[in-house]
2 protein chains.
Amino acid sequence: MTKRTYICGLDAAIAVMGGKWKGLILFSLGEEKTLRFGELRRAVPGISERMLILQLREMEASGLVHRKVHHQVPPKVEYSLTDFGASLNTALAPLGKWGEDHMERIEAIP
Amino acid sequence: MTKRTYICGLDAAIAVMGGKWKGLILFSLGEEKTLRFGELRRAVPGISERMLILQLREMEASGLVHRKVHHQVPPKVEYSLTDFGASLNTALAPLGKWGEDHMERIEAIP
DNA sequence: TTCGGTACCCACATTTTTGTCAGTAGGAGT
DNA sequence: ACTCCTACTGACAAAAATGTGGGTACCGAA
């Protein structure tokens, strides 16, 4: 994640959405317009709170997601995609479809 | 990379092409039809021999690449995309374009 | 006999990523 | 006074990914 020049567009794209979780977070936020922290956690099964926060912070720093804090008690924080994040989501759609189309084959890989 | 059921297509896709290198290998093999091991290493700058082999082995196991050994001395091994790999490559194209379109912004991320 | 060239393999060390568990703030409800 | 709720934060440990430096096989050429 260090600043450098990438060797191609795919390289750059993977640098921002890479890892196991960011794609799923993008996907979840793409379905629902905004999600609270707890809702997101439920939307991405298997992720730990810590991981979710870390990923969200990175995505916020990358300009992919927007974080809106409502100063209430108990706290309420809503996350949503920025335009930048939405455009990435769109670019990821064919990959998601590919995964669905080949789900059985992929699950059969040892 | 353990066998399990994925929560969506994107999840599954990321499981097979995940990591920093596989996308680039796919991309390189998509440009040239076949590449020898050494050529591939040069095509993916920064990757170590070990990493390249590990990734290629995984991709072979996933059915993304085909490995053809020519029994010669010195050895010659050619790698190419399978149809499955080519289809993934196609699905990755929009992501690559997204990366190119936003390269400057991505490079500016700390 | 020694060397060059290619595609690896192996053991080990380091780095990066991910998980676990505990704890915090502060107003509302009992 | 006490507990609940939510969105976190931090210390620590475990696991996974990656790098490093070596070695192997084989044949032909010098």
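We use all heavy atoms of the structure for the numbers below, so side chains are in, but hydrogens, waters and symmetry mates are not. First the proteins, then the strands, lettered A, B, ... as listed; each starts at 1.
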- Item | Sorted by number, the residues of residues 28-45 of chain B with heavy-atom contact under 4.0 Å to DNA chain C | B:R36, B:F37, B:G38
- Task: Measure across A:K20 and B:I14 and return the closest heavy-atom pair with its distance rounded to 0.1 Å.
- Result: CA-CG2, 4.5 Å
- If you measure from the Lys or Arg side-chain nitrogens to the Asp or Glu carboxylate oxygens, is any gap between B:R57 and B:E60 under 4.0 Å? yes
- Does B:R57 have a side-chain nitrogen or oxygen under 4.0 Å from the phosphate oxygens OP1 or OP2 of C:dC8? yes
- Item | For A:G99 against B:A12, the heavy-atom pair lying closest together | O-CB, 4.4 Å
- Query: How long is the line joining CD of B:E78 and C1' of C:dC8, in whole Å?
  - Reply: 16 Å
- Message: Taking B:V73 as the starting point, is it possible to reach B:V69 by hopping between hydrophobic residues whose side chains are less than 4.5 Å apart?
- Response: no
- Task: Send over the distance from B:Q55 CD to D:dA17 C1', rounded to a whole Å.
- Result: 9 Å
- Task: Starting from the first five and the last five pairs of the helix from C:dT1-D:dA30 to C:dT30-D:dA1, work out the angle between the resulting helix axes, to 10 degrees.
- Result: 20°
- Message: Which is more 5' along DNA chain D, the nucleotide nearest A:R67 or the one nearest B:L54? Just name the residue.
- Response: A:R67
- Rounded interatomic separation in angstrom, taking OH from B:Y79 and P from C:dA7: 8 Å
- Can you check whether B:S48 has a side-chain N or O nearer than 4.0 Å to OP1 or OP2 of D:dT18? no
- Considering all heavy atoms, the nearest A:M51-A:W21 contact: CG-NE1, 4.1 Å
- Message: For B:I53 and A:I47, find the nucleotide of DNA chain C closest to each by heavy atoms; which residue's nucleotide sits nearer the 5' end?
- Response: B:I53
- Query: Looking at side-chain heavy atoms only, is the closest gap between A:L40 and A:L56 below 4.5 Å?
  - Reply: yes
- Query: B:H66: what forms a ring pair (Phe, Tyr, Trp, His ring centres under 6.0 Å) with it, not counting sequence neighbours?
  - Reply: none
- Task: Using a 4.0 Å cut-off on protein heavy atoms (strictly under), produce a 5'-to-3' string for nucleotides 21-30 of chain C with B for base contact, S for backbone-only sugar-phosphate contact, and - for none.
- Result: -----BB---
- How about A:W98 and B:L88: do any of their side-chain heavy atoms sit closer than 4.5 Å? yes
- With B:H71 via side-chain hydrogen bond (donor to acceptor under 3.5 Å, both in side chains) - residues at least two apart: none
- 4.5 Å side-chain heavy-atom contact, A:L81 and A:L64: no
- Give the rounded distance in Å between these two atoms: NZ of B:K68 and C1' of C:dC8. 20 Å
- Identify, with sequence neighbours excluded, every residue that meets side-chain hydrogen bond (donor to acceptor under 3.5 Å, both in side chains) alongside B:K68. none
- Do A:I25 and A:Y79 have side chains that get closer than 4.5 Å, going by heavy atoms? no
- Between B:H71 (NE2) and C:dA7 (P), how many Å, whole number? 14 Å
- Query: Expressed in angstrom and rounded to an integer, what is the separation of A:K20 atom NZ from C:dT18 atom P?
  - Reply: 8 Å
- Message: What is the distance, to the nearest angstrom, from the CE atom on A:M51 to the P atom on D:dA14?
- Response: 17 Å
- Query: Rounded to the nearest Å, what distance is computed from the CD atom of residue A:E60 to the C1' atom of nucleotide D:dA7?
  - Reply: 13 Å
